[in-house]
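Fair warning: this is a prediction, and the values are worked out from it, not measured in the lab. All ligand and atom numbering here is 1-based and tracks the order in the structure.
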Amino acid sequence: HAKQQGGGRFCFHTEAMSAAAAEKLHRHIALENAVQGQGFELYYQPQVDLRSQQVIGVEVLLRWPQPDGSVQLPGAFIPLAEQSKLIVPLGEWVLQQACAQLQRWRTQGQLTWKVSVNVSAQQWMAPDFVRQVKDALQQSGLPPECLVLEVTESQVISRPTVARGVLAALQALAVEVSLDDFGMGYANLSQLALMSFQQLKLDRSLVALMATDRRYETLVRHTISLARELGVSVVGEGVETLQQQELLTRCGCAVGQGFLFGQPAPASAYLAR
Ligand code: C2E
Ligand code: MG
Ligand code: MG
Ligand code: MG
């Protein structure tokens with residue numbers, strides 16, 4: 001009888017497990033199909049020169065439209081794409097599309113815009129990553145100076161030697177590299193000096209904190225002046241208020257990005273600009 005009960009419990013447990021496993025498999029298949037069938041969409045968010053208020057570039061943000069009309073944000077599927085290595089072909093598609101779109105805008109007259117593309121650790125560390133970048137530039141005809149690749153600190157810290165090699169190869173191509181979400185991770189200042197980043201993006205939590213806490217304002221001001229001395233440009237991300245914009249400007253930050261200037265939107269939304 002005990003065995004039967006145990007068996008019953010085991011059976012129940014298996015059903016619960018297989019429901020979760022089936023759900024995961026289902027999501028994996030949906031993601032794989034979307035990667036193969038190009039079921040993703042790219043949104044673009046403006047980056048603005050804080051003095052002139054002119055758009056000087058756009059950051060590409062990945063979106064996954066669903067059959068029910070909703071749109072999934074990267075936080076909901078990028079981790080799965082990373083686990084399953086689908087991020088590599090997906091990231092390559094993003095790179096190609098982003099370069100092609102910016103080149104289209106350039107031919108329409110936006111000659112001063114750059115495009116920033118987020119790159120995952122697995123893409124960055126893939127042996128043919130630099131080739132992917134070259135291909136995307138060649139196929140689109142986009143000048144390499146117009147492409148900025150955004151990486152995070154943890155990506156660089158985990159394998160510094162490989163990271164340095166990739167940075168050097170990209171620099172040889174004249175592609176810029178930006179250190180994304182700076183300030184909330186290790187905020188390892190020696191990364192800035194030892195690795196040749198061209199840009200630093202202040203994490204939006206720092207931008208928010210500097211408006212409410214003088215100590216953070218001091219921290220941001222000195223980070224910006226340090227970056228400037230190292231020849232690194234600074235973008236403030238997550239700018240939502242005029243107060244934040246003014247503070248950033250006063251601290252010497254040249255470029256801002258955030259809801260104050262524009263929400264991420266499909267390329268078609270930029271037609272009227
Ligand atoms: P991120 O690179 O730091 O991108 C900025 C995120 O902040 C975006 O979220 C954007 O929609 C949001 N944001 C912009 N302005 C504001 C603001 O004023 N206030 C607030 N609260 N948020 C703002 P999103 O689109 O959900 O993307 C989240 C993250 O997903 C990105 O963070 C990036 O790390 C990653 N991601 C996005 N697209 C790609 C991609 O194509 N490839 C890879 N590997 N990662 C991507
Ligand atoms: Mg980014
Ligand atoms: Mg960021
Ligand atoms: Mg961020």
CG of Leu95 to CG of Leu147: how many Å apart, nearest 0.5 Å? 6.0 Å
Look at ligand 1 and say whether Glu59 reaches it with a heavy atom at a distance under 4.0 Å. yes
Pull out every atom of ligand 1 sitting under 4.0 Å from any heavy atom of Val94, numbered as shown with elements. 41 (O)
With clusters defined by side-chain heavy atoms of hydrophobic residues (ILVMFWY) lying less than 4.5 Å apart, directly or transitively, does Val255 cluster with Leu230? no
Residues that Asp135 engages under salt bridge (charged side-chain N to carboxylate O under 4.0 Å, His left out), provided they are two or more places apart: Arg131
Exceeds 12 heavy-atom contacts within 6.0 angstrom, atom CD of Glu229: no
Which segment of Ile78 sits under 4.0 Å of ligand 1 when only heavy atoms are counted: side chain
Could you tell me which atoms of ligand 1, counted from 1 in the order shown, lie closer than 4.0 angstrom to a heavy atom of Glu240? 17 (C), 18 (O), 19 (N), 20 (C), 21 (N)
Mark up the atoms of ligand 1 that fall under 4.0 Å of a heavy atom belonging to Glu237, in ascending order. 3 (O)
Side chain, backbone, both or neither: Val117 near ligand 1, heavy atoms under 4.0 Å: neither
Angle between ring planes, Trp113 versus Tyr270, binned at 30° and 60°: parallel, tilted or perpendicular? perpendicular
How long is the gap from OG on Ser205 to CG on Asp181, to the nearest 0.5 Å? 8.0 Å
Rounded at 0.5 Å granularity, tell me how far CG in Asp180 sits from CD in Gln155. 9.0 Å
Is the contact between Arg63 and ligand 1 made by the side chain, the backbone, both, or neither, using heavy atoms and a 4.0 Å cut-off? side chain
d(Thr152 OG1, Trp124 CH2) to nearest 0.5 Å is 10.0 Å
Ligand 1 versus Arg204: contacting region, heavy-atom distance under 4.0 Å: side chain
Proximal atoms of ligand 1 relative to Asp180 (non-hydrogen, under 4.0 Å): 1 (P), 2 (O), 3 (O)
Taking 4.0 Å as the limit for heavy-atom contacts, which would you say applies to Asn118 with ligand 1: side chain only, backbone only, both, or neither? both
Heavy-atom gap Gly91 to ligand 1 smaller than 4.0 Å: no
Please state which option from Ser120, Pro264, Pro74 has its nearest heavy atom closest to atom 28 (C) of ligand 1. Pro74
Same cluster or not: Leu226 versus Phe197, using hydrophobic residues (I, L, V, M, F, W, Y) connected whenever any side-chain heavy atoms lie under 4.5 Å apart? yes
Closer than 2.8 Å to the Mg ion (ligand 2) - protein N, O or S atoms, ordered by chain and residue number: Glu59 OE2, Asn118 OD1, Glu150 OE1, Asp180 OD2
State whether the shortest distance between N or O atoms of Phe259 and N or O atoms of ligand 1 falls below 3.5 angstrom. yes
Specify side chain, backbone, both or neither for Gln257, according to which of its non-hydrogen atoms lie closer than 4.0 Å to ligand 1. neither
If you count the atoms of ligand 1 from 1 in the order shown, which ones are under 4.0 Å from a heavy atom of Gln45? 14 (C), 15 (N)
Which residues pass the ring-ring contact (aromatic ring centres under 6.0 Å, His included) test with Trp93, sequence neighbours left out? none
Does any donor atom in the side chain of Gln199 or Ser178 lie under 3.5 Å from an acceptor atom in the other side chain? yes
Does Ser158 have any side-chain contact (heavy atoms from CB on, under 4.5 Å) partners at least two apart in sequence or in another chain, and if so, which? none
Any non-hydrogen atom of Gly75 lying under 4.0 Å from ligand 1? no
Counting only nitrogen or oxygen atoms and a 3.5 angstrom limit, does Ile87 reach ligand 1? no
Pairwise distance CD1(Ile87) to CD1(Ile78) - rounded to 0.5 angstrom: 4.0 Å
